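A quick write-up on the structure given underneath.
Reminder, nothing fancy here: chain letters follow the sequence lines and each chain counts from 1. Computed from a predicted model, the values in this text were never measured in an experiment.
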Amino acid sequence: MENAEYARLLSETADLMEIGAEDGFRIRSYRNAASAIESYPERIEDILADPARSVTDIPGVGKGIASVLEELRLRGSFDRRDQLLEKYPPTALEMLKIQGLGPKSIALIIEHFRVTTIDGLERLCREQKLRTLPRMGARIEEKVLRSIASYRQRAGRFLLSFASEAAAELKQYLSEGCRVERISEAGSLRRGKETVGDVDILVTVSDPGEVLDLVTRHSRVHEVLAKGGNKASVRFGLEGLQVDVRALPAESFGAAMQYFTGSKTHNVALRQRALKMGYTLNEYGLFRLEGGGRVAGEDEEEVYRALGLAWIPPELRESGGEIEAAEAGRLPRLIELADIRGDLHMHTVETDGRASLEEMAAQAAAQGLEYIAITDHSKALAMANGLDEARVVAFARKVRELNRRGDLPVRVFSGLECDIRRDGSMDIEEDALAELDIVVASVHSHMNLEPAEMTDRLLRALESKSVKIIGHPTGRILLHRDGFPFDFERIAAEAGRRGVALEINASPERLDLHGPLLRAAKAHGVRFTISTDAHHPRHLANMIYGVRTARRGWLEPGDVLNTLPAGQLLSAMRQTG
DNA sequence: GCCGTTTTCGGCCCGACTGTTTTCAGTCG
Ligand SMILES: Nc1nc2c(ncn2[C@H]2C[C@H](O)[C@@H](COP(=O)(O)OP(=O)(O)OP(=O)(O)O)O2)c(=O)[nH]1
Ligand SMILES: [Mg+2]
Ligand SMILES: [Mg+2]
Ligand SMILES: [Zn+2]
C-alpha cells in the first residue's frame with residue numbers, strides 16, 4: 001500500500017467520524033496525520049517493516065495512529081473504520097462532496113430516510129421530503145439540487161498554470177472595473193501549490209459592495225454560490241472553477257493576506273502562537289487579548305514580526321517547520337526566477353517537439369537565458385522518432401559545429417533524454433552517450449513495477465557513467481496518475497553520492513520532483529536542475545512553475561545547477577572521466 | 001488523537017454567509 005492510500009483511509013475515516021459526531025479534536029488529529037503521511041517522502045510500508053524505525057517520528061503521528069497504520073498494513077483496514085462502515089456505507093462519503101451539505105445534515109438524512117447515495121438525495125429534494133427535517137426548508141432543497149448538478153460536472157482540482165491564468169484575468173477585470181486599492185491572489189495559488197482547489201483573491205477597497213457586485217456580474221460567472229458584505233464565491237468559466245473573493249479595508253491588508261494565503265494548518269499554528277503570546281490573530285489584525293489594542297495588520301511582514309518571526313515566504317507555509325525556522329532566523333534564501341540562467345531539458349522537431357533547435361534558442365535568448373540543452377528522445381520512443389546511436393553522434397557533432405560558428409543567440413549544449421529501459425540499462429550505448437554534453441535519463445515505460453524492482457532499475461540507471469540528470473523522477477501526471485512507487489530515500493542518497501542531479505520538471509502537468517521530495521533529497525546532498533521539458537518555444541515560459549515548486553522544497557540558488565553560468569555548468573555536474 | 005519556554009494533562013483558531021431560527025446551527029473559508 002502506498003502513502004496516498006494510507007492517507008486516503010485515514011482521511012475518509014475522519015469524514016465518517018464527523019458524520020458520527022465524534023470528538024472534533026480527534027477528527028482533526030486523523031486529518032493532520034493523513035496530510036503528514038501524504039506528503040511524507042518515505043514509504044510508510046518500508047518504515048513499518050523496519051523494526052529499528054518508528055512511524056511516530058512523523059510529526060502528527062502518535063501512538064494511536066501508529067497502531068492504526070500497523071493494522072492497515074496487516075489487513076487493509078482497522079477496527080474503528082470497520083465499525084463506522086457498519087453504520088454508514090462508503091457512499092455516504094460521496095454525499096459530503098455536495099457543497100452546503102455537511103456531516104450533521106448527512107447524519108440526519110441517513111437516520112431519517114436511510115438514504116446514503118447522491119441519487120437518493122436528489123430524489124428526496126425533488127419529492128420535497130428534505131424539508132420535513134429540522135432546520136431544512138425549500139431553499140435548501142433547491143441549493144442541494146444545484147450542488148448535485150455541479151458535482152456531476154466534475155470540477156475537482158485544477159493545475160496551477162490554469163488557475164494562474166484565470167486569476168490574472170480576474171484581477172485585471174476587477175482592477176479595471178472599479179476602484180480597488182490593492183489586489184492579490186491568495187490561498188494555494190499564492191503558495192504555489194501544484195494543483196489548486198479554487199482561486200482565492202483578496203482586495204482592499206473602501207466600498208466592498210462595489211467589487212463584490214462586479215465579480216458576480218462577470219460574463220463568465222454562471223453561478224453565485226454565496227455573497228455577503230465581505231466576500232463572494234462564484235463558479236467561473238466552462239470548467240466550473242470556484243473563485244473566492246474577499247474584500248477588506250486597507251489597514252487590514254497584511255493580516256488579511258496572512259489569513260487568506262494559509263495554509264489552514266499554518267494559520268492555526270500561527271494563531272495558537274499568538275494566543276500564547278497574549279494576542280489574538282484574525283484577518284483584521286493582531287490584537288492584544290487584554291484591552292483589544294491593535295498591534296499589527298497593515299503589513300504582512302509586520303504581523304510575523306510582532307509574533308517574533310521573520311516573514312515567511314508563502315511557498316513554505318505548509319506546517320513543515322517553517323515557523324520554527326522563522327523564529328530561529330534560519331529560513332532559506334529561496335531561489336527566484338531571476339537566478340535561472342539556462343534550461344536543460346527540451347525537445348525539437350527531431351523527435352516530438354514542434355520547433356527547430358534555432359527557434360528554441362531564439363526564444364530562450366528572448367527570455368534572457370544564457371544557455372539551453374537540447375534533449376530529444378531516444379529510440380525506445382519510436383512513436384516520437386527517437387534518436388538512435390548514429391543520430392546521437394551526428395547531433396553531438398552538429399552542436400559542436402554550431403557553437404563553434406557562434407551564430408546562435410545562446411550557448412547550446414548537446415543532450416538527450418535517454419530512456420531508462422525496464423532493467424535499468426540505457427536505451428543508447430555508452431560510447432554514443434559520451435559524445436554528448438548532458439544526458440537526462442528518464443522512465444517512460446513499465447511504470448507499474450514492484451517498488452523494489454523500480455528501485456533497482458533506478459539504481460542501475462544511476463550507475464551509467466554518462467547520466468547527469470534523472471528526468472521527472474517519479475513519473476507522476478497531475479490529476480491523472482500518481483508517481484510510480486520506489487524507495488526514494490535510497491535513490492536520493494545514491495544520486496547525491498554519485499553527483500547525479502535530480503530534475504524538477506517544470507511542465508505544469510508534472511512538477512516532478514515536488515516539495516516534500518525535494519527537501520528529503522536535499523538532505524542527502526542532492527543537487528537539482530529546473531527544466532521546462534518544452535516541446536514548443538512557448539513552453540519555455542513554464543520555468544516559473546518549476547521555480548515555484550523548487551521554493552516549496554526550500555531550495556536555494558546553490559542547490560540548483562542551472563543557476564550557474566554556462567562556463568561552470570558541466571564541471572559542476574557528475575564527472576564522466 | 002496529538003503535543004509540550006505554561007503543561008505529560010488539558011488544552012486544541014477565528015470569522016463570514018445562509019437559512020431558519022426568534023437567537024443560532026451548520027457549513028465553509
Ligand atoms: N484560520 C483559518 N483559515 C482558514 C481556514 N480554512 C481556510 N482558511 C484560509 C487559509 C486558506 O489557505 C485560505 C483559502 O481557503 P481554501 O479553502 O481555498 O484553501 P487553499 O487555497 O489553501 O487550498 P485549495 O487549493 O483551495 O484547496 O483560507 C480555517 O479553518 N481557519
Ligand atoms: Mg483555495
Ligand atoms: Mg477558497
Ligand atoms: Zn520525458
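- Across the protein-nucleic acid pair, I323(A) atom CD1 and dG4(B) atom P stand 13 Å apart, rounded to whole Å.
- Using a 4.0 Å cut-off, no side-chain N or O of Q272(A) falls inside it from OP1 or OP2 of dC12(B).
- Across all strands shown, dG26(B) is found opposite dC17(B) as a Watson-Crick or G-U wobble partner, with both distances under 3.5 Å.
- Within 4.0 Å of R139(A), counting heavy atoms only, lie sugar-phosphate atoms of the nucleic acid but no base atom.
- Annotation: dC13(B) and dT5(B) have their P atoms spaced 16 Å apart (nearest Å).
- dC17(B) atom P lies 4 Å from atom CG of N230(A), rounded to whole Å.
- Residues from residues 39-56 of chain A placing a heavy atom under 4.0 Å of any atom in DNA chain B do not occur.
- Within 6.0 Å of CZ on R179(A) lie no more than 12 heavy atoms contributed by other residues, nucleotides or ligands.
- Under the salt bridge (charged side-chain N to carboxylate O under 4.0 Å, His left out) criterion, the residue pairs touching residues 242-255 of chain A are R246(A)-E283(A), with sequence neighbours excluded.
- Between dG19(B), dC13(B), dC2(B), one nucleotide has an atom nearer to the side chain of S29(A) than all others, and that is dC2(B).
- Listed for the S147(A) side chain is a donor-acceptor partner under 3.5 Å among the backbone atoms of Q99(A).
- Contacts of F484(A) classified as ring-ring contact (aromatic ring centres under 6.0 Å, His included), with partners at least two apart in sequence or in another chain: F486(A).
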Counting only pairs under 3.5 Å, give me each side-chain donor-acceptor contact of residues 160-170 of chain A, with atom names and distances, residues two or more places apart or in other chains.
unit_1	atom_1	unit_2	atom_2	d
S164(A)	OG	L160(A)	O	2.7
E169(A)	OE1	R220(A)	NH1	3.0
E169(A)	OE2	R220(A)	NH1	2.9

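- One interatomic measurement links the two molecules: CG of L248(A) to C1' of dC14(B), which rounds to 14 Å at whole-angstrom precision.
- Between Y279(A) and L212(A), the one whose closest nucleotide on DNA chain B sits nearer the 5' end is Y279(A).
- Separating the P atom of dG11(B) from that of dT6(B) is a span of 15 Å, rounded to the nearest Å.
- Close to dC13(B), at under 4.0 Å from its OP1 or OP2, lies a side-chain N or O of R28(A).
- Screening residues 50-59 of chain A for salt bridge (charged side-chain N to carboxylate O under 4.0 Å, His left out), with sequence neighbours left out, gives E42(A)-R53(A).
- Contact annotation for R246(A): backbone-only contact, meaning every heavy-atom pair under 4.0 Å involves sugar-phosphate atoms and none involves a base.
- Checking the phosphate oxygens (OP1, OP2) of dC2(B), no side-chain nitrogen or oxygen of N32(A) falls inside 4.0 Å.
- Evaluated for a salt bridge (Lys or Arg N to Asp or Glu O under 4.0 Å) with E185(A), the options K171(A), R190(A), R191(A) yield exactly one hit, K171(A).
- The line from OG of S11(A) to CG of N32(A) is 11.0 Å long, rounded to the nearest 0.5 Å.
- If you take atom C1' in dC14(B) and the same atom in dT8(B), they sit 28 Å apart, rounded to whole Å.
- Comparing E141(A) and V268(A) by the nucleotide of DNA chain B whose heavy atom lies nearest to each, the residue mapping closer to the 5' end is V268(A).
- At the heavy-atom level, L281(A) lies under 4.0 Å from the strands shown only through sugar-phosphate atoms.
- In this structure, the CZ atom of R273(A) is 18 Å from the P atom of dC3(B), given to the nearest Å.
- With sequence neighbours excluded, the residues satisfying ring-ring contact (aromatic ring centres under 6.0 Å, His included) with F236(A) are H218(A).
- Look at CG on L225(A): it is 12 Å from C1' on dC17(B), rounded to the nearest Å.
- Of the residues in residues 60-83 of chain A, G60(A), V61(A), G62(A), K63(A), G64(A), I65(A), R80(A) come within less than 4.0 Å of DNA chain B through at least one heavy atom, sorted by number.
- When the nucleotides dT18(B), dG19(B), dC12(B) are ranked by their closest atom to the side chain of A226(A), dT18(B) comes out on top.
- For the ring-ring contact (aromatic ring centres under 6.0 Å, His included) condition, no pair includes a residue of residues 81-112 of chain A, sequence neighbours left out.
- Residue contacts for A138(A): at a heavy-atom cut-off of 4.0 Å it reaches the sugar-phosphate backbone alone, with no base atom in range.
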**Fill in**
Quick tally for nucleotides 6-11 of chain B: nucleotides whose base has a protein heavy atom under 4.0 Å get B, sugar-phosphate-only ones S, the rest -, giving B-----

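- Heavy atoms of N267(A) sit nowhere under 4.0 angstrom from any nucleic acid atom.
- dT22(B) sits 24 Å from dA16(B) when the P atoms are compared, rounded to a whole Å.
- We find that CG of L133(A) is positioned 14 Å from C1' of dG19(B), with the value rounded to whole Å.
- Contacts of K143(A) classified as salt bridge (charged side-chain N to carboxylate O under 4.0 Å, His left out), with partners at least two apart in sequence or in another chain: none.
- dC17(B) and dC12(B): their C1' atoms are spaced 25 Å apart (whole Å).
- With a 6.0 Å cutoff to the six-membered ring centre and a 45° limit on the axis angle, R154(A) counts as a cation-pi contact of Y151(A).
- dG15(B) and dG10(B) have their C1' atoms separated by 25 Å, given to the nearest Å.
- Y30(A) has its OH atom 12 Å from the C1' atom of dC2(B), to the nearest Å.
- Within a 6.0 Å sphere centred on CZ of R131(A), other residues, nucleotides and ligands contribute more than 12 heavy atoms.
- Atom CZ in F25(A) sits about 4 Å away from atom C1' in dC12(B), given to the nearest Å.
- Within 6.0 Å of atom CD in E290(A), 12 or fewer heavy atoms from other residues, nucleotides or ligands are found, so the atom counts as exposed in its surroundings.
- The residue G262(A) sits apart from the nucleic acid: no heavy atom pair falls under 4.0 Å.
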**Request:** Between protein and nucleotides 21-29 of chain B, map the contacts as a letter string: B base, S sugar-phosphate only, - none, heavy atoms under 4.0 Å, written 5' to 3'.
**Result:** ---BBSSSB

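- Identified under the salt bridge (charged side-chain N to carboxylate O under 4.0 Å, His left out) test for residues 222-233 of chain A, with sequence neighbours left out: R146(A)-E223(A), D213(A)-K227(A).
- The 12-atom threshold is exceeded at CD of E556(A), counting heavy atoms of other residues, nucleotides or ligands nearer than 6.0 Å.
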